[in-house]
Structures are given as C-alpha cells and as structure tokens.
Amino acid sequence: METKIFQCNKEFHQENIKEAANLLCKGEAVAFPTETVYGIGANAFESAAVAKIFAAKGRPSDNPLNVLVPSKRVAFSLAENIPNYVEPLMDVFSPGPITYILPSAGKVASNVSAHLGTVGVRIPDHQIALQLLKETALPLAAPSANLSGKPSPTTATHVIDDLMGRVAAIIDGGPTNVGLESTVVDCTGAIPIILRTGMIAQEDIQQVVGACHLAPALKMPSNKYKHYLPEVPLIVVEDKEQLSHAIQEEISTGKRVGVIKASGGHIPQVDKVYLLGTNEEGMAIKLYDTLRSLKSSEIDVVISEPFTSSIIMDRLKSAATKVI
Ligand code: TXA
Ligand code: MG
C-alpha cells in the first residue's frame, strides 16, 4: 500500500489535516501524533476500519484499543452506567494523558475492545489529534503507532520505520511532548483502578476522588504480551550495588556492552553509554528513542541502571530480557 506522508511538523497545514481526515472517513488507517506517543487511528464505529489497525500493527485481536474522543460529552455518549467519580477525573485531567475504561454503550465496533463490553476513552491534548477528531466527527480507535512488541513511537521517523506501506498515511507533527503512553484507569467498578501507570499518578487521582488502587500486574489485557522489545537483549538492574558486577560479567564473556544510565560519562570497557537525564519528564521523552537506537551492529547487550521513577522502571522492565 502507498503511504502518504503529510508534513505538519514546523507549520500546521490545514489542507493536510483535511486530506488525512478524508482517508479516515473512508475507513483507512492513518498514523498521527498525540501528546503522549504517535497513534494509529481508524473509525471506531466501523469494525472493518478497526481491523486495519490490528493488521497494520500485527496486534493480537484480544488486546483492546483505546479510543480518542474530542470531549467529555462524546466520551460519555459511548458509555453507560458511568461511575460518579469519572466526571471529576475528566474535569481535572482531560484533555491529557489518561485513558478511562468505561462500560460500553455498544456504539463502537466490538472488535475495538476485543469484545470485552468496555470502551477505553481518552481526550488527547494535541492540536493535530483534536483537529482530526473535529474534521472527521468520529471517535478514532488509536493505539500506539508501533509494530506490536516494539517500543512506542515518539517521532514520525519511528512510525515510518514501523508502518511505511502498512497504513494509508502518516502525519509528521514532530516529536511528541510527553513521550510515554497514557495512564490507563479501569473505571467500571466502585473505585478507579490503574491498569497502566503513566504521567498521571495514583496520588494525583486520589487527590481528586479519594480512593484509587493499582492493579496487580496481570490484570491488564496487554500484559501477557512482551512489550517494547529492543534489537539487543536488555538487562535491567534493580539494585545499584549489582550494576558494576553485571557489567563485568557481560564483558568477561567477550560481549560489546552498552549501559543506560541517568548521567555521567564513559565507563571503562563499556562500548556505549546512553544517558536518559535526571528528571522524569526528560527521561520520558528520551526513553523510547533510546530503546529504538540500540543496534546489534554496535553492542551485543545493554544493561540499565535502576531509575527511581517507577513509570520509567515499569517500561524498562517490560522491555527487559532479564531483571536482576
Ligand atoms: O497514550 C496512549 O494511550 C496512546 C495514544 C496513541 O493514545 N495509545 C496507546 O495505545 O498507548 P496502546 O494500545 O498501545 O495502549 C492502550 C492500552 C492497552 O494496553 C490496552 O490493553 C488498554 O489500553 N485498553 C484499551 N482498551 C481497554 C479496555 N476496554 N479494557 C482494558 N484495557 C484496555
Ligand atoms: Mg502500545
């Protein structure tokens, strides 16, 4: 399939957005930026359009997609039996990096939610995503625009690497500003439950509605699949004391070793050092680009030091071949 590339990076091109919206209205899949990561969108009302997302990503059909909507009103129109705590959460955190899993009113195609009877809705905080929602007047199913199992894309180049020839169009809107996927909150029960951590934390939610729980790791439909797999094996060290031992062990077997760390310079005998920086926002922006930049032509294994940010550690561990 021919993939059109629309430039909206330096300047906002209204006619490009209109053309992309047209493709979406015709039932095509189009990748575009949101404030978290790039998404691959399709008409959430039409199961054939949604099926194109699963095909393009190589995504297992039992892993549900979240749906982007322009407003609380549209979000509520897709759901029913909405718990009272949802509205105050949306008033504080949306538009923004948070997805609410609600009981579905049966309006979106059922393959969107892997036939679970729920719908995950998010109001994006990004001009291009919002403009597409306005032009199409459709809710857009929009998971991250990576091939299944690869790190989420934070630049158009990442999307092009994964999806060229697999979607009708890709909108280049420059790097995303959050860099990590949204917090996913199950809002089908008496208390909100976080299924995936993100920039909006458990404490933030608790401050608005009192109680909020963290799900046990296995509750999330996607957690049975390995995520964010880089090109070379990744060892995540949880105990900083173990870091130099782990590095030495890999060097002693003749491997070319890379190290992911917050700051600091060259480490003797280590081939490459990848710095994520010391503040959480900066790390979030760099993480996936770093994971995608690990090349087997340069190193045989990469070792990550422990990070105090749990949202960074969650993602690193999800990408790891080994955690020690
Ligand atoms: O920030 C984001 O959420 C990005 C942007 C593009 O919107 N999207 C994203 O999509 O990260 P994806 O598919 O990579 O992650 C959405 C997560 C999945 O892990 C999926 O299992 C979960 O949300 N999810 C979606 N709908 C669900 C549902 N009805 N029930 C339970 N989990 C759901
Ligand atoms: Mg994803």
Side-chain angles (χ1 to χ4, degrees), residues 29-42 44 50 53-54 56-69 75 78-79 93-106 108-126 128-130 132-133 139-154 158-159 162-163 171 173 176-189 192-200 215 217-229 284 288 291 311 314-315 318-319:
V30 172
F32 56 86
T34 79
E35 82 279 29
T36 55
V37 299
Y38 272 74
I40 165 172
V50 171
I53 297 181
F54 283 97
K57 281 180 63 80
R59 180 161 174 131
S61 60
D62 61 351
N63 190 1
L65 314 178
N66 53 7
V67 176
L68 298 181
V69 292
L78 302 179
F93 299 118
S94 297
I98 180 167
T99 297
Y100 309 88
I101 311 294
L102 304 173
S104 175
V108 298
S110 72
N111 58 342
V112 171
S113 306
H115 313 286
L116 288 172
T118 51
V119 59
V121 289
R122 182 167 100 76
I123 307 172
D125 188 11
H126 192 286
I128 292 175
L130 287 168
L132 283 173
L133 289 166
L140 297 173
S144 51
N146 51 286
L147 286 175
S148 207
K150 294 246 285 180
S152 291
T154 55
H158 297 162
V159 182
D162 279 15
L163 296 181
I171 302 179
T176 63
N177 30 14
V178 177
L180 297 181
E181 311 85 347
S182 62
T183 305
V184 177
V185 191
D186 179 345
C187 300
T188 60
I193 300 173
I194 294 181
L195 300 180
R196 176 173 73 188
T197 58
M199 276 298 171
I200 294 172
L218 283 172
K219 252 208 112 191
M220 184 106 180
S222 62
N223 271 357
K224 60 180 169 196
Y225 301 106
K226 196 73 194 164
H227 262 121
Y228 319 130
L229 283 180
Y288 290 138
L291 291 181
I311 56 177
D314 281 354
R315 270 115 181 139
S318 187

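Heavy-atom basis, side chains included; hydrogens, waters and symmetry copies ignored. Every number for a ligand or one of its atoms is a count from 1 in the order of the listing.
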NZ/NE/NH1/NH2 to OD/OE distance under 4.0 Å, Glu181 and Arg122: no

Distance filter under 4.0 Å to Gly39 heavy atoms, resulting ligand 1 atoms: 6 (C)

Least distance between heavy atoms, Val37 atom then Pro153 atom: CB-O, 3.4 Å

Atom of Lys57, atom of Ser144 and distance for their closest heavy-atom approach: NZ-O, 2.6 Å

Interfacing atoms of ligand 1 (cut-off 4.0 Å, heavy-atom, Ser182): 1 (O), 2 (C), 3 (O)

Ligand 1 N/O within reach of Thr118 N/O, cut-off under 3.5 Å: yes

Residue portion contacting ligand 1 (non-hydrogen atoms closer than 4.0 Å) for Asn66: both

Metal site the Mg ion (ligand 2): N/O/S of Ser148 inside 2.8 Å: no

Nearest atoms (heavy-atom pairs only) where Leu180 meets Ala284: CG-CB, 3.6 Å

Where Ala129 and Phe32 come nearest, the two heavy atoms and their spacing: CB-CE1, 3.9 Å

Region of Arg59 engaging ligand 1 - heavy atom pairs below 4.0 Å: side chain

Test item: Thr176 side-chain N/O and Thr36 main-chain N/O as donor-acceptor pair under 3.5 Å: yes

For Thr36, atoms of ligand 1 separated by under 4.0 Å from a heavy atom: 1 (O), 2 (C), 4 (C), 5 (C)

Proximal candidate to atom 27 (C) of ligand 1 [heavy atom criterion; set Leu65, Ile101, Val185]: Ile101

Numbering as shown, the atoms of ligand 1 that approach Glu181 to under 4.0 Å (heavy-atom distance): 1 (O), 11 (O)

Ser144-ligand 1 polar pair, N/O distance under 3.5 Å: yes

Side chain Thr154, main chain Gly179, donor-acceptor under 3.5 Å: no

Heavy-atom gap Ala142 to ligand 1 smaller than 4.0 Å: yes

Atoms in ligand 1 with a heavy atom of Val184 nearer than 4.0 Å: 23 (O)

Backbone of His115 reached by a side-chain donor or acceptor of Ser113 within 3.5 Å: no

